[in-house]
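First the structure, in the form of structure tokens, and then the observations on it.
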Amino acid sequence: MTNHASQLTAASHQHTSRKPGRSFLALKIGILAGSLVVPLLLAELVVRKVYHEQLDTEYLRQHNRELFIGDFVTPSPDPDLLYELKPGVRTEWMGVTVVTHETEPVRVSTLDQSITNPAIRLAIVGDSMSFGWRINAENTYGEILRVHLEESLGVPVEVRNYSVPGYNSLQERILLEKTIVKDKPDIVILNYTHNDPDPTNTVPEGYMPPEYGDNFLRSALLKLTLRGLRFGESANSRLISQEGESEEFYDSFRSGGPIYDAHLEELRRFARVARNNDILPIAFNYCPYGLSPHSHYEVLHAPFEENLKESGFVYYDAYPDHRTHMTTQGWTDHSPFIISKTDSHPNVAGHEYAGNLLHAFLTTNDEVNTRLQKLASSYVSTGGHSIADTRIAKSYREAVAMSTRGEFAKAIPLFQGILEVNPDNGSVWIKLAEAYEGAGQTDDATKAYKEVIRRDSKSVHARRRLADIYFAQDEDEKAIRELKDLLACDANPRFQINVGGFLGSLLLKEERIDEARAVYERLQELTGDPHSTPDVFLGEAYLEHRDAASALPLLEKAVRDTPDNLRAREALVNGYSMQNLPDKVLAQLSVLLENQPNNIPWLKTASWLMACNSIPTPKTKDQALSYGRRAVELTSKNDPDCLLTLAAALANADRFDEAVEAASAARGIFARGGNTAAVAHVDGLLSKFKEGRPHRL
């Protein structure tokens with residue numbers, strides 16, 4: 001032992017006496033490393049705090065579903081393409097069914113058999129419009145065009161839809177070179193929209209999976225760096241880096257600058273690649289806008305047409321025809337052709353119209369029609385004669401068109417006939433159930449939705465419709481059961497919040513308060529909003545049931561606990577209004593407008609209450625005018641309610657001539673819209689103002 005101890009002592013002495021310089025060097029290295037580690041740790045903390053939502057894997061898994069395309073796109077090995085359609089997919093998406101080819105990135109019909117020996121092969125490439133946003137494949141304009149061509153040429157035609165939501169001209173050119181050329185179509189139709197020049201700078205789930213960048217260090221800073229490098233590899237990121245002050249825009253669309261010039265070059269390359277492979281390139285510009293000013297056409301359409309024709313495209317701009325159609329129909333906007341006011345993608349009628357326009361153009365354009373006729377003649381001369389069976393898809397389109405027009409009773413037997421031939425098609429079962437609902441055959445609709453769920457237990461659309469039917473029939477217990485099952489179908493927080501809010505309200509209606517509070521506690525976790533407390537949720541739910549007495553104590557407590565809780569204050573406005581407490585309403589509105597001075601509904605309500613208060617003061621007169629004027633300015637003098645509110649505020653300030661002018665302007669807007677009840681109401685106010693009397697509540 002002694003010998004061993006002496007050896008250790010000697011070794012220690014030898015080490016300390018022999019390496020004094022190295023100890024100092026180690027100290028310096030330690031200090032340097034510390035000076036690097038501390039900033040890295042600080043950067044890590046900042047990244048975790050600031051970029052949590054962009055980096056947390058679980059959060060991304062749930063929230064990226066809000067982009068809606070993650071189930072049918074996949075990361076592309078080509079960094080410039082970013083993402084592409086995933087083969088072999090069959091999924092329910094936004095109320096429709098998306099099916100892709102088993103081995104190729106092509107969206108296919110759920111009804112018709114694929115064509116094995118077509119006379120003419122067409123390819124369509126574009127973004128969400130030609131893909132068929134919220135439209136079944138059978139109703140997209142490509143399928144409409146296919147049927148028309150088969151009927152007019154008498155030969156089978158194949159139309160392959162390679163479109164992907166979010167694609168721009170760069171990605172469309174890459175897809176042509178990488179995939180479409182190999183399939184040897186006779187014609188390729190490029191669907192053009194005015195946002196095609198824009199870089200793809202969003203991050204859909206399929207392009208960069210939520211797990212991309214995860215590392216054994218669990219470092220958020222490293223994950224952010226890796227994800228940034230992944231996007232930095234793409235040509236889209238290089239396009240974004242080119243953006244500068246020289247970019248030109250019209251109506252928010254690019255019309256000039258480096259990025260626009262790069263876009264034009266991509267289109268020229270697209271046309272060259274197609275022509276070099278004996279594929280006829282057609283650019284189809286279908287933008288179903290309203291009656292835009294002529295300058296819209298002059299800036300965005302006319303120069304572009306010249307560019308594309310020079311590049312080698314056969315070019316068809318449908319905008320002039322669309323504008324003429326709107327004028328002929330007496331339309332002031334394009335709502336008959338779009339999904340909704342907040343979603344301007346073409347609806348079923350818009351796709352059918354586009355298919356009709358495109359067919360008329362293709363069969364009258366000399367270059368295109370010559371090729372079509374030559375291909376058809378060659379097919380027949382070599383023994384081809386069978387025309388593809390399009391009866392099922394055609395019947396489906398007719399039934400959908402009938403439902404769209406409200407002719408549900410006529411559509412039902414068509415959907416039933418399709419299901420006799422193709423009983424496993426879930427999208428047809430859903431359309432049949434909707435037709436039953438529209439025709440008032442609720443029991444049949446319920447059975448059809450249950451059949452959809454039997455085939456697909458996670459059918460979000462069917463379960464939600466069933467819950468709505470049960471709710472309308474006051475079968476709350478059944479609705480609650482359906483909503484609970486619905487919550488298990490999709491983990492997307494926005495979906496959970498939407499469905500959970502409905503469920504909580506029903507539980508409250510059934511006086512199952514503890515269960516409702518538990519649901520709302522979960523909703524607060526999902527929102528991550530400290531102001532969306534269970535008390536606020538419960539208070540709002542009580543207000544939905546017109547129970548202000550139960551709602552107000554909960555909401556008042558929420559405001560006492562958190563004075564800046566604007567959500568609770570807005571709910572208090574509704575609750576106090578129900579109990580006819582204008583002073584308390586105004587007190588809440590004044591706080592709300594301090595935080596959001598341009599909130600039009602709040603401005604209107606505050607101005608109206610102040611203007612029509614039975615005991616006005618100089619201060620409330622001025623405040624009512626200020627709020628009313630701001631609301632009118634923010635709505636560009638086009639909102640009749642705002643104009644009428646301002647009229648009341650002017651009359652309250654004894655400025656009756658101006659009040660009559662504002663009220664008359666509101667009356668004109670109501671009259672043009674055919675709102676006779678509103679016109680009568682305004683006439684009553686005008687009588688008061690002309691007599692020099694303000695309006696009082």
Side-chain angles (χ1 to χ4, degrees), residues 124-133 135 139-142 144-145 148 163 167-169 172 187-198 248-256 260 263-264 266-268 270-271 281-341 343-369:
I124 294 180
V125 60
D127 58 11
S128 54
M129 207 207 85
S130 50
F131 174 83
W133 188 260
I135 298 293
N139 290 111
T140 56
Y141 76 71
I144 304 296
L145 173 64
H148 284 332
S163 303
Y167 265 22
N168 60 14
S169 53
E172 289 156 359
I187 295 172
V188 60
I189 298 172
L190 174 67
N191 182 92
Y192 181 78
T193 53
H194 289 314
N195 62 4
D196 279 359
D198 294 337
E248 299 172 23
F249 292 86
Y250 179 85
D251 277 358
S252 78
F253 296 115
R254 293 182 193 274
S255 58
Y260 187 80
H263 156 69
L264 292 179
E266 290 297 342
L267 293 175
R268 285 190 281 271
F270 187 104
I282 298 170
F284 178 37
N285 189 347
Y286 175 58
C287 302
Y289 302 127
L291 293 170
S292 302
H294 189 64
S295 56
H296 173 96
Y297 180 79
E298 291 177 330
V299 175
L300 294 176
H301 290 253
F304 187 72
E305 178 174 356
E306 184 178 344
N307 269 312
L308 259 66
K309 286 182 176 178
E310 289 178 357
S311 300
F313 279 99
V314 175
Y315 181 69
Y316 174 44
D317 187 347
Y319 180 70
D321 289 330
H322 177 61
R323 188 181 177 91
T324 300
H325 180 78
M326 288 186 64
T327 303
T328 303
Q329 297 294 318
W331 296 350
T332 56
D333 61 41
H334 58 304
S335 56
F337 280 164
I338 61 173
I339 290 173
S340 69
K341 290 182 179 180
D343 189 341
S344 59
H345 286 89
N347 58 17
V348 170
H351 273 274
E352 183 174 2
Y353 176 70
N356 294 341
L357 286 178
L358 191 53
H359 174 255
F361 173 77
L362 297 185
T363 52
T364 54
N365 177 272
D366 290 341
E367 184 176 9
V368 181
N369 191 48

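The basis for the numbers below is simple: all heavy atoms, side chains too, and nothing from hydrogens, waters or symmetry mates.
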Could you tell me whether the side chain of [Y] reaches within less than 4.5 Å of the side chain of [X], counting heavy atoms only?
X	Y	answer
Asp321	Tyr316	yes
His194	His301	yes
Leu362	Ile187	no
Glu172	Asp196	yes
Leu308	Asn285	no

For the student: nearest non-hydrogen atoms of [X] and [Y], plus distance:
X	Y	result
Leu300	Ser255	CD2-CB, 4.2 Å
Val125	Ser130	C-OG, 4.2 Å
Ser163	Gly126	OG-N, 3.1 Å

Check against side chain to side chain contact (heavy atoms under 4.5 Å, CB included), Leu267 and Leu190: CA-CA 10 Å; Leu267 293 175; Leu190 174 67; 3.5 Å; yes

Once rounded to the nearest 0.5 Å, what's the spacing between atom [atom1] of [X] and atom [atom2] of [Y]?
X	Y	atom1	atom2	result
His351	Leu358	NE2	CG	12.5 Å
Thr327	His322	OG1	NE2	9.5 Å
Glu266	Ser311	CD	OG	11.5 Å
Asn195	Met129	CG	CE	11.0 Å

Sort out for me which residue in Phe304, Tyr315, Phe270 forms a ring-ring contact (aromatic ring centres under 6.0 Å, His included) with Tyr192.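 Only one of Phe304, Tyr315, Phe270 forms a ring-ring contact (aromatic ring centres under 6.0 Å, His included) with Tyr192, namely Phe304.
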
Using the rule ring-ring contact (aromatic ring centres under 6.0 Å, His included), only one of Phe361, Tyr319, Tyr141 pairs with Phe284; which is it?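 Testing each of Phe361, Tyr319, Tyr141 against Phe284, the sole residue satisfying ring-ring contact (aromatic ring centres under 6.0 Å, His included) is Tyr141.
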
Are His325 and Phe337 an aromatic pair, judged by ring center distance below 6.0 Å?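 Under 6.0 Å, so yes.
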
Just by distance, do the side chain of [X] and the backbone of [Y] share a donor-acceptor pair under 3.5 Å?
X	Y	result
Asn347	Ile338	yes
Asn168	Asp198	yes
Tyr286	Gly350	yes

Before you tell me yes or no, could you show the steps for Asn369 and Thr364 under side chain to side chain contact (heavy atoms under 4.5 Å, CB included), namely the whole-Å CA-CA distance, both residues' side-chain angles and the distance that decides it to 0.1 Å? CA-CA 6 Å; Asn369 191 48; Thr364 54; over 6 Å; no

When you look at Asp127 and Thr193, which way does the side chain to side chain donor-acceptor pair (under 3.5 Å) test go after all the steps? CA-CA 8 Å; Asp127 58 11; Thr193 53; 2.9 Å; yes

With sequence neighbours excluded, what pairs up with Asp343 under the side chain to side chain contact (heavy atoms under 4.5 Å, CB included) test?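 Once residues adjacent in sequence are excluded, the partners of Asp343 under the side chain to side chain contact (heavy atoms under 4.5 Å, CB included) criterion are Trp133, Arg134, Ile339, Ser340, His345.
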
Taking side chain to side chain contact (heavy atoms under 4.5 Å, CB included) as the test, write out the residues that go with Glu352, two or more places apart. Asn356

Should we count CD of Gln329 as having more than 12 external heavy atoms under 6.0 Å?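 Correct, the count exceeds 12.
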
Apply side chain to side chain contact (heavy atoms under 4.5 Å, CB included) to residues Ile282 and Asn365 and explain how you reach the verdict. CA-CA 11 Å; Ile282 298 170; Asn365 177 272; over 6 Å; no

